[in-house]
Amino acid sequence: MYKKHKVMLALIMVCCGILSYVFKVRYSIIASDGITVISIVLAIYMTSFSGLVSSDLAKKMQRKEDKILNGKSQLGVLKSYLNAAVGIGIINIVIACLSMILDDLMGAMVDKNIGYYIVSAVGMGTLAANLFLMFLLFRFMVNRQLWDK
């Protein structure tokens, strides 16, 4: 991944996490929707990458060196973005499940404990990171396929 995108990804995760913790956002309310979105996106990543592997575009991307990361092919850069997206997606699904379990265990408690809000903050941060990675991967693929930038 490009350094600027790593930094932006970390900032997005930390800022969203801190904001959701400060405002006591309950991630469990949208956790099932988050799981659905992330699952669909993960399926799209897998099918698009498996379809890309045998295509002419992949062969071009493998031969062409990336302009920013010297010594790495464009296909290698795409792989690093996909690895990050899949990893954060799986983490988000686990956090969403944990958040729903904690919410169920705590029941109707008005004030949840600090652990619940930390889990919610991590869930919100990873969901925001996934949305950012979706944007980056879409832009990366469109630029490579349509305009070969």
Asker: Using side-chain heavy atoms (C-beta onward) and a distance below 4.5 Å, is Leu137 in contact with Leu82?
Answerer: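 Heavy-atom side-chain distance check passes, below 4.5 Å.
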Asker: Please round to the nearest 0.5 Å and tell me the distance separating atom CG of Asn130 and atom CD1 of Ile90.
Answerer: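 CD1 of Ile90 is found 10.0 Å from CG of Asn130.
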Asker: Rounded to the nearest 0.5 Å, how far does OG of Ser120 lie from CG of Leu102?
Answerer: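 Reported to 0.5 Å precision, the distance equals 8.0 Å.
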Asker: Could you check if a side-chain atom of Leu127 sits within less than 4.5 angstrom of a side-chain atom of Val37, using non-hydrogen atoms only?
Answerer: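 Heavy-atom side-chain distance check fails, nothing below 4.5 Å.
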Asker: Shared ILVMFWY cluster between Met46 and Ile40, side chains joined below 4.5 angstrom?
Answerer: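 No, because Met46 and Ile40 fall into different hydrophobic clusters, even though each may have its own neighbours under 4.5 Å.
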Asker: Return the minimal non-hydrogen interatomic distance between Ser73 and Gln62, and the atom names on each side.
Answerer: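 Here Ser73 and Gln62 meet closest at CB-O, 3.3 Å.
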Asker: Once rounded to the nearest 0.5 Å, what's the spacing between atom CE of Met124 and atom CZ of Arg26?
Answerer: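 Going from CE on Met124 over to CZ on Arg26, the span is 12.5 Å.
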Asker: Contact between Leu9 and Met1 at the side-chain level, heavy atoms closer than 4.5 Å - yes or no?
Answerer: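 Result yes, sub-4.5 Å side-chain heavy-atom pair found.
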Asker: Within a strict 4.5 Å, meaning less than it, do heavy atoms of the Tyr116 and Asn113 side chains meet?
Answerer: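 In contact.
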Asker: Just grab all the side-chain hydrogen bond (donor to acceptor under 3.5 Å, both in side chains) pairs involving residues 81-96, residues at least two apart or on different chains.
Answerer: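 Applying side-chain hydrogen bond (donor to acceptor under 3.5 Å, both in side chains) to every pair that reaches into residues 81-96, excluding sequence neighbours, yields His5-Tyr81, Tyr27-Asn92, Asn92-Thr126.
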Asker: Verify the cluster assignment for Phe135 and Val86: are they in a single hydrophobic cluster under the rule of side-chain heavy atoms below 4.5 Å apart?
Answerer: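 Yes: a chain of side-chain contacts under 4.5 Å links Phe135 to Val86.
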Asker: Indicate if Val7 and Ile68 have the same hydrophobic cluster label, given that clusters are the connected sets of ILVMFWY residues with side-chain heavy-atom separations under 4.5 angstrom.
Answerer: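 No, Val7 does not connect to Ile68 through the hydrophobic network.
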Asker: Kindly give the heavy-atom pair with the smallest separation between Val77 and Phe140, and that separation in Å.
Answerer: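 In terms of heavy atoms, the two residues are closest at CG1-CE1, 3.9 Å.
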Asker: Hey, could you give me the OH/OG distance between Tyr45 and Ser50, rounded to the nearest 0.5 Å?
Answerer: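 Going from the OH atom of Tyr45 to the OG atom of Ser50 covers 14.5 Å.
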Asker: Quick check: closest heavy atoms across Ile35 and Cys97, and the distance to 0.1 Å?
Answerer: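 Here Ile35 and Cys97 meet closest at CD1-SG, 3.9 Å.
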Asker: Could you see if Met13 belongs to whatever hydrophobic cluster contains Leu11? Use Ile, Leu, Val, Met, Phe, Trp, Tyr and a side-chain cutoff under 4.5 Å.
Answerer: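 Different clusters.
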Asker: Would you name the heavy atoms of Ala129 and Ile12 that are closest together and state the gap between them?
Answerer: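 The pair with the smallest heavy-atom distance is N-CG2, 4.2 Å.
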Asker: How close do Ser28 and Ser99 get, heavy atom to heavy atom, and via which atoms?
Answerer: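 Of all heavy-atom pairs spanning Ser28 and Ser99, the closest is N-OG, 3.1 Å.
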Asker: Give, for atom CG of Asp56 and atom CE of Met61, the distance between the pair rounded to the nearest 0.5 Å.
Answerer: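 The CG atom of Asp56 sits 13.0 Å away from the CE atom of Met61.
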Asker: Is there a side-chain contact between Lys64 and Leu75 (heavy atoms, below 4.5 Å)?
Answerer: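 Not touching, per the 4.5 Å side-chain cut-off.
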Asker: Side chains of Tyr117 and Ser20: any donor to acceptor distance under 3.5 Å?
Answerer: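 Side-chain D/A pair, Ser20 to Tyr117: absent.
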Asker: Given the rule that I, L, V, M, F, W and Y join up when any side-chain heavy atoms are under 4.5 Å apart, are Leu78 and Ile44 in one cluster?
Answerer: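 Leu78 does not cluster with Ile44.
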Asker: So which atom in Asp66 and which in Asn70 form the shortest heavy-atom distance, rounded to 0.1 Å?
Answerer: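 Smallest interatomic distance, heavy atoms only, reads O-OD1, 4.2 Å.
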Asker: Looking at CZ of Phe23 and CD1 of Ile18, how far apart are the two atoms once the value is rounded to the nearest 0.5 Å?
Answerer: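 Taking CZ in Phe23 and CD1 in Ile18, the distance rounds to 12.0 Å.
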